Student: 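Sharing a structure with you now.
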Protein chains: 2
Amino acid sequence: MIVSTQRDTALTRNQSLVLEALADAKGPLTAYAILDQLRDRGMRAPPQVYRALDKLVADGMVHRLESINAFVVCQLPDCGSRETMIFAICSDCSQVTEIRDGGVGDRFQAVAEQAAFSVHKSIVELRGRCAHCRAS
Amino acid sequence: MIVSTQRDTALTRNQSLVLEALADAKGPLTAYAILDQLRDRGMRAPPQVYRALDKLVADGMVHRLESINAFVVCQLPDCGSRETMIFAICSDCSQVTEIRDGGVGDRFQAVAEQAAFSVHKSIVELRGRCAHCRAS
DNA sequence: AGGGACATTATGTTATAACATAACTTGTGA
DNA sequence: TCACAAGTTATGTTATAACATAATGTCCCT
Ligand SMILES: [Zn+2]
Ligand SMILES: [Zn+2]
Ligand SMILES: [Zn+2]
Ligand SMILES: [Zn+2]
């Protein structure tokens, strides 16, 4: 039921539907899972979902998890910035914790500089087990 | 803690072919690109390539790049360990530089601990431009 | 103001490309 | 004959190309 976006133009219907699906989900969803979930609200084909996701990701309201081909709603404020985020993805329950850590980004810049590489975007995904799954 | 790899066992024919293809390539290759390249040497279907890749990745001789669904031959010694590697992937020419940096892994452990998350594997992929592409 | 002409943006639809694995069969050597 | 590598077929999963239509905005002319 989250609708408010500080950053940009108002969301279109499809964008709102996709964002709502992700916000209501307990964890990340694949594009096709979103599609299945929204079929009875008019979503019919992959491009509709992917186009909505493109916009939401560009605005920092949703993040793509590269290692599991899935999408998760942003958990932190001000993710439109280009700052490095760390995603801790539980291999058991697939729940995601989003962590902001400025130091990591600085470190990447430093090591990349040694390799004469200019960093535009950093992808950091930690695979492991969350506290809940370790306890059970 | 189990750290044994099958590195000392000889590679099978398909494994050798796939490793050779990746070693000869000037950048990462997708599984299907490898398949196409090896058709005239007997490779016929995706499972053959993926099974070879599974073994080479498990042994640390090849790395999977999650953000581009491609594979690259290891550029550093002793990658069978669980140490964190950083992959700098040029968005222009797709060439990859593999960087070892122990500090980053320690940092991940620290921030994950704050979130009660136990890290098993770290994925770090930097997207940007290599020196050569920036110059041209 | 009102109404076309045009551009722009969002959406819908079909088809297919690209990536990955399940399931089964066959060969091969200890 | 048992295990395992390899081969084969089919299918599942993720993502985009290509084209068509609808909705919206913007301009100019009357
Ligand atoms: Zn975020
Ligand atoms: Zn968990
Ligand atoms: Zn390596
Ligand atoms: Zn380059």
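Predicted, not measured: the structure shown is a model, and the values here were computed from it. Protein chains get the first letters and strands the later ones, always in sequence-line order, with residue 1 at the start of each.
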Student: Looking at every non-hydrogen atom in both residues, tell me the closest pair between S94(B) and P28(B) and how far apart they are.
Tutor: O-CD, 3.0 Å
Student: To the nearest 10 degrees, how far apart in direction are the end axes of the helix from dA1(C)-dT30(D) to dA30(C)-dT1(D), each fit to five base pairs?
Tutor: 10°
Student: Rounded to the Å, how far apart are L17(A) CG and dA10(C) P?
Tutor: 15 Å
Student: Nearest 0.5 Å, what's the NE2-CD1 distance between H63(B) and I123(B)?
Tutor: 13.0 Å
Student: Looking at E113(B), I'd like to know if its CD atom is crowded, meaning that more than 12 non-hydrogen atoms belonging to other residues, nucleotides or ligands lie closer than 6.0 Å.
Tutor: no
Student: Around R134(A), counting heavy atoms of other residues, nucleotides and ligands shown, do more than 12 lie under 6.0 Å from its CZ?
Tutor: yes
Student: Salt bridge or not between R127(B) and E125(B)? Use side-chain N to carboxylate O under 4.0 Å.
Tutor: no
Student: Return the CG to CG distance between N14(A) and L56(A), rounded to the nearest 0.5 Å.
Tutor: 10.5 Å
Student: Which letter, B, S or -, goes with each nucleotide of nucleotides 9-24 of chain D from 5' to 3', with contact meaning a protein heavy atom under 4.0 Å?
Tutor: B----BBBB-------
Student: So does M61(A) get a backbone contact from the side chain of D59(A), meaning a donor-acceptor N/O pair under 3.5 Å?
Tutor: no
Student: Between N or O atoms, less than 3.5 Å apart, protein on one side and nucleotides 25-29 of chain C on the other: list the pairs.
Tutor:
none

Student: I'd like to know if the side chain of Q75(B) reaches the main chain of E98(B), judged simply by a donor and an acceptor atom lying under 3.5 Å from each other, with no hydrogens or angles considered.
Tutor: yes
Student: Are R64(B) and E66(B) close enough, and set up right, to give a salt bridge (charged side-chain N to carboxylate O under 4.0 Å, His left out), and what steps lead you there?
Tutor: CA-CA 6 Å; R64(B) 175 183 168 83; E66(B) 302 286 348; 3.1 Å; yes
Student: Test F71(A) against every option in V57(A), V18(A), V49(A), L29(A) by the side chain to side chain contact (heavy atoms under 4.5 Å, CB included) rule and name the one that passes.
Tutor: V57(A)
Student: Using only side-chain N and O atoms of Q48(B), determine if any of them is under 4.0 Å from OP1 or OP2 of dA6(D).
Tutor: no
